[in-house]
Amino acid sequence: MFSIESLPDDVVDAAVRADWQRLIDADLPSAGRHPSDSNRPHVTLAVRDDLPEDAVRELARAGGALPVECRLGGAVVFAAGERFVLARPVVMSAALLRLHADIVDLVGPPPARYAVTAKDRWTPHMTLARRMTAEQVGRALGIVGASTIEGELTGLRLWDVEAKVVTPLR
C-alpha cells in the first residue's frame with residue numbers, strides 16, 4: 001500500500017506537534033506517541049494498493065505546484081467503528097483542490113476501501129489522534145487549540161507502508 005502525502009511548513013508542523021504533545025501530557029491517545037522518523041504531520045492526498053510504473057517521476061512533477069496555502073481549522077471528529085479520529089481540518093482552496101485532483105489523476109481512482117481519497121469524497125485534515133473513545137474526544141476538545149493555524153504545504157512524499165520507506169518527492 002502507498003500513501004501520497006503533502007507536508008506542511010515549519011509553522012504548521014510545530015503547531016500540530018504542539019497539539020500532539022498536549023494530548024500526550026493529558027494521557028490521551030496522540031499521533032505523537034509513534035516514535036518512527038516517518039511520523040510527522042501531513043495531509044494524505046491519495047492511498048493506493050499499487051502505483052503506475054512511472055508514478056514517482058510524475059508525482060514529483062506534480063509537486064511543482066507546491067507550495068499551496070494551508071489553513072487549519074479548530075478540530076474535526078471522524079467516526080472509525082466504535083472509536084473516533086480527532087484531526088484538524090485543512091480549509092479547502094482552489095490550489096489545494098487542483099493539487100489533489102492532479103495527484104488522483106496520476107495514480108488513478110482509489111479502490112473502494114480508500115474511497116475517502118477520491119476527488120468527490122476527500123476531506124483534507126491532519127490527524128491528531130486515533131482510536132479515541134467518546135469520553136476521550138470530549139476531554140481532547142478542551143485541550144487541543146481551537147485557533148486557526150496558517151501556513152503552507154511545502155513538501156510531497158510517498159510512503160510505502162509495507163516496506164516502511166519514505167520517498168521524498170519535493
Side-chain angles (χ1 to χ4, degrees), residues 1-17 19-20 30-73 75-81 84-131 149-170:
M1 183 174 81
F2 298 91
S3 178
I4 299 106
E5 303 166 346
S6 189
L7 307 173
D9 63 16
D10 291 342
V11 171
V12 175
D13 186 274
V16 172
R17 287 179 189 272
D19 282 343
W20 289 357
S30 170
R33 293 187 186 278
H34 303 286
S36 170
D37 288 340
S38 64
N39 183 41
R40 63 174 294 188
H42 66 274
V43 176
T44 301
L45 299 168
V47 179
R48 301 296 183 270
D49 289 324
D50 49 33
L51 295 174
E53 192 170 307
D54 60 346
V56 171
R57 183 179 70 252
E58 294 301 318
L59 287 166
R61 189 172 303 145
L66 296 169
V68 298
E69 175 187 17
C70 178
R71 188 169 358 130
L72 301 183
V76 65
V77 178
F78 300 106
F84 301 91
V85 173
L86 177 66
R88 279 193 174 265
V90 178
V91 177
M92 292 284 196
S93 68
L96 181 58
L97 285 171
R98 273 192 307 277
L99 175 64
H100 177 252
D102 289 347
I103 298 296
V104 170
D105 287 345
L106 286 171
V107 299
R113 70 182 181 279
Y114 307 128
V116 295
T117 65
K119 288 182 194 178
D120 62 345
R121 295 189 56 193
W122 184 56
T123 304
H125 64 278
M126 291 193 190
T127 300
L128 301 178
R130 298 179 187 278
R131 298 178 195 91
I149 300 164
E150 297 200 28
E152 294 179 319
L153 294 173
T154 57
L156 190 66
R157 72 180 185 176
L158 177 65
W159 168 235
D160 181 333
V161 175
E162 280 84 31
K164 298 193 183 326
V165 172
V166 172
T167 304
L169 301 169
R170 176 171 168 89

- Query: If you take all heavy atoms of A115 and P110, which pair is closest and at what distance?
  - Reply: CA-CG, 4.1 Å
- Message: Apply side-chain contact (heavy atoms from CB on, under 4.5 Å) to residues H34 and R130 and explain how you reach the verdict.
- Response: CA-CA 11 Å; H34 303 286; R130 298 179 187 278; 5.8 Å; no
- Task: Go through D160 and T167 one step at a time and tell me if the side-chain contact (heavy atoms from CB on, under 4.5 Å) criterion holds.
- Result: CA-CA 8 Å; D160 181 333; T167 304; over 6 Å; no
- Within a reach of under 6.0 Å around CZ of R33, are more than 12 heavy atoms found that belong to other residues, nucleotides or ligands? yes
- Check the pair E152, T154 against side-chain hydrogen bond (donor to acceptor under 3.5 Å, both in side chains), reporting the backbone distance first and the verdict last. CA-CA 6 Å; E152 294 179 319; T154 57; over 6 Å; no
- Message: Which heavy atom of F84 sits nearest to which heavy atom of A79, and what is that distance?
- Response: CD2-CA, 3.9 Å
- Separation of L99 CG from L156 CG (nearest 0.5 Å): 7.0 Å
- Can you measure from CZ (R61) to CG (L169) and round to the nearest 0.5 angstrom? 12.5 Å
- Query: Within a strict 4.5 Å, meaning less than it, do heavy atoms of the T123 and F78 side chains meet?
  - Reply: yes
- Message: Nearest 0.5 Å, please: how far is CG in D9 from CG in L153?
- Response: 8.0 Å
- Separation between CG (L128) and CG (L72), nearest 0.5 Å, reads 9.0 Å
- Would you list the pairs meeting ring-ring contact (aromatic ring centres under 6.0 Å, His included) in which at least one residue belongs to residues 88-120, sequence neighbours left out? H100-W122
- Message: Show the nearest heavy-atom pair for residues P41 and L7, with the distance to one decimal.
- Response: O-CD2, 3.8 Å
- Minimum-distance pair of heavy atoms, taken over all atoms of D105 and K119: OD1-NZ, 2.5 Å
- Side-chain heavy-atom pair L51, I4 within 4.5 angstrom cut-off: yes
- Decide side-chain contact (heavy atoms from CB on, under 4.5 Å) for V47 and V161; before the verdict, give the C-alpha distance in whole Å, the side-chain angles of both, and the deciding distance to 0.1 Å. CA-CA 10 Å; V47 179; V161 175; over 6 Å; no
- Compare all side-chain heavy atoms of R48 with those of T117 and state whether any distance is below 4.5 angstrom. yes
- Message: If I compare all heavy atoms of N39 with all of A31, which pair ends up nearest, and what's the gap?
- Response: ND2-O, 2.8 Å
- With no hydrogens and no angle check, is any side-chain donor or acceptor of R71 less than 3.5 Å from a backbone partner on S93? no
- Query: Quick one: ring-ring contact (aromatic ring centres under 6.0 Å, His included) pairs with a partner in residues 151-170, sequence neighbours left out?
  - Reply: none
- Residues, nucleotides or ligands: over 12 heavy atoms within 6.0 Å of E162 CD: yes
- Query: Under a 4.5 Å cut-off applied to non-hydrogen side-chain atoms, are V16 and P8 in contact?
  - Reply: no
- Item | Where L66 and G155 come nearest, the two heavy atoms and their spacing | CD1-O, 3.5 Å
- Query: Should we count CG of D10 as having more than 12 external heavy atoms under 6.0 Å?
  - Reply: no
- Item | Residues R113 and D49 bridged, charged N to O under 4.0 Å | yes
- Query: Quick one: CD on E5 to CE on M126, what's the gap to the nearest 0.5 Å?
  - Reply: 10.5 Å
- Message: As an exercise, state the distance from OG of S36 to NZ of K164, rounded to the nearest 0.5 Å.
- Response: 8.0 Å
